[in-house]
Amino acid sequence: MADSNLWQPAVIDAGQAGGWALAHCRQQFLCDARGVLFPRAWLKAQLPQPQVLAEHGVGHFNGQPVFVLELADHAEALLPGGFWKGLRQFMHEGDLTTFRMLGYAAQVATWARQHRFCGSCGGPLQALSSERAMACPRCELHHYPRLSPSIIVLISRGDQLLLARSPRFAAGVYSTLAGFVEPGESIEECVRREVREEVALEVGNLRYIASQSWPFPHSLMLGFHADYLAGEIVPQPEEIEDARWFTPDQLPPLPAHGSIARYLIELYLARRSGAAEPVLPG
Ligand SMILES: NC(=O)C1=CN([C@@H]2O[C@H](COP(=O)(O)OP(=O)(O)OC[C@H]3O[C@@H](n4cnc5c(N)ncnc54)[C@H](O)[C@@H]3O)[C@@H](O)[C@H]2O)C=CC1
Ligand SMILES: [Mg+2]
Ligand SMILES: [Zn+2]
């Protein structure tokens, strides 16, 4: 279980001195033998100035302020004994408090990297100290962190579950269907559209189950269960390599523990068999 008192997100002015620093670049964090948090003044003294594209206060760890530095590239020589470690690896290692802190810092840092200039007028942006936003002094537009709502759905037909493979998955792994919400649609419409697009089936009786922040790089997963209504599976070319009905006693390799995909599958199996329900971390 994550200790919610140990890590608390907050907006902190980067003009403030002291605290700890994280160094991020494209979903990876700089580490050394001591870990991922560095004394901030010390770390900044090690880094050549042009390396630091942005700096944001992201919250408090154990009561101390934490800042994230977005670095231009993955140079390891920046730090004696330094190496880069991916956000996914932190997730797999299972230290939930650290993963929540790094997931949040990665989203802020990625957004900061991509919002140094105003997308409307092209002028340089400035961080606000009152809220998490980049403001344009020239045209007064405020740019907020980017979130991409995405649906994820477990479909069942009697005793069977529909699971599918994307070519991006690890060998052998099958998962629930997922996809980004599009402008103008409700999340229920999104579930029906994604299922139609990816496997050409019709589903009904949608039940919202749970949500999960998915910082790869900025998704918010909205998890559903749906019943099969009609159709034959036709996998979407390019997106879906294979999709099949599986019975609970013949399941393929499943997505990683901690993912909402895994949770939706395990929750359904637990409810069917009367076993203890799994817990979605977060
Ligand atoms: N936490 C979990 O258990 C799982 C999370 N996911 C996440 O769900 C999200 C959506 O799943 P996919 O099947 O990849 O989506 P999808 O079925 O909509 O297809 C992906 C395609 O959508 C387009 N796209 C990329 N970013 C977009 C955005 N922000 N808005 C709209 N379209 C975009 C691209 O063409 C991309 O190839 C991804 O972030 C994925 O990592 C997916 C499965 C499990
Ligand atoms: Mg998809
Ligand atoms: Zn502007």
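As a basis for the values below, the full set of heavy atoms in this structure was taken, side chains included, without hydrogen atoms, waters or symmetry mates. Start at 1 and go down the list; that is how both ligands and their atoms are numbered.
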Measure from the Mg ion (ligand 2) to each N, O or S atom of A178 and report whether any distance is below 2.8 Å.
->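 So A178 does bind the Mg ion (ligand 2) by this criterion.
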Is it true that some N/O/S atom of E194, main chain or side chain, lies under 2.8 Å from the Mg ion (ligand 2)?
->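 Short answer: no, not a single N, O or S atom is under the cut-off.
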Look at [atom] and say which protein heavy atom is nearest, naming residue and atom and giving the distance to 0.1 Å.
atom	value
atom 25 (C) of ligand 1	F180 CE1, 3.5 Å
atom 42 (C) of ligand 1	A178 CB, 3.6 Å
atom 41 (O) of ligand 1	W214 NE1, 3.3 Å
atom 8 (O) of ligand 1	M221 CE, 3.2 Å
atom 39 (O) of ligand 1	S219 OG, 2.8 Å
atom 29 (N) of ligand 1	S148 OG, 3.3 Å
atom 16 (P) of ligand 1	G179 CA, 3.6 Å
atom 36 (C) of ligand 1	E239 OE2, 4.7 Å

Without swapping roles, check the side chain of S259 against the backbone of A256 for a donor-acceptor pair under 3.5 Å.
->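 Answer holds: yes.
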Measure from the side-chain N and O atoms of R193 to the backbone N and O of E185, and report whether any donor-acceptor pair falls under 3.5 Å.
->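 It does not hold such a pair.
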Measure from NZ or CZ of R132 to the centre of the six-membered ring of Y144 and say whether it is under 6.0 Å with the direction within 45° of the ring axis.
->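 No, R132 does not sit over the ring of Y144.
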Kindly indicate whether a cation-pi arrangement holds for R116 with W111, taking the cut-offs as under 6.0 Å to the six-membered ring centre and within 45° of the axis.
->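 No cation-pi geometry.
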Salt bridge flag under 4.0 Å for residues D73 and R26 =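 Salt bridge between D73 and R26, a charged N being under 4.0 Å from a carboxylate O: no.
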State whether the number of non-hydrogen atoms from other residues, nucleotides or ligands found under 6.0 Å of E140 atom CD is greater than 12.
->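 Incorrect, the count does not exceed 12.
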Side chains of [X] and [Y]: closer than 4.5 Å at any heavy-atom pair?
X	Y	result
H60	I12	yes
V181	S186	no
L220	W214	no
R138	P124	yes

Considering only heavy atoms, does [X] approach ligand 1 within less than 4.0 Å through its side chain, its backbone, both, or neither?
X	value
R262	neither
A261	both
I152	side chain
R168	side chain
E182	neither

contact_flag R146 ligand 1 heavy-atom lt 4.0 Å |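 Under 4.0 Å: yes for R146.
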Ligand 1 contact by E197, heavy-atom criterion under 4.0 angstrom |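 Distance cut 4.0 Å: E197 fails for ligand 1.
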Distance only, no hydrogens: is a donor on one side chain within 3.5 Å (strictly under) of an acceptor on the other, for [X] and [Y]?
X	Y	value
E70	H24	yes
Y268	R272	yes
T110	H218	no

Within the structure, does S175 bring an N/O atom to less than 3.5 angstrom of an N/O atom in ligand 1?
->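 No; the residue has no nitrogen or oxygen that sits under 3.5 Å from a nitrogen or oxygen of the ligand.
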H218 N/O to ligand 1 N/O under 3.5 Å |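 Such a contact does not occur with ligand 1.
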Can you find a protein heavy atom under 4.0 Å from atom 34 (C) of ligand 1?
->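 No, no protein heavy atom sits under 4.0 Å from atom 34 (C) of ligand 1.
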Check all N, O or S atoms of E198 and name the one closest to the Mg ion (ligand 2).
->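 Restricting E198 to its N, O and S atoms, the minimum distance to the Mg ion (ligand 2) goes to OE2.
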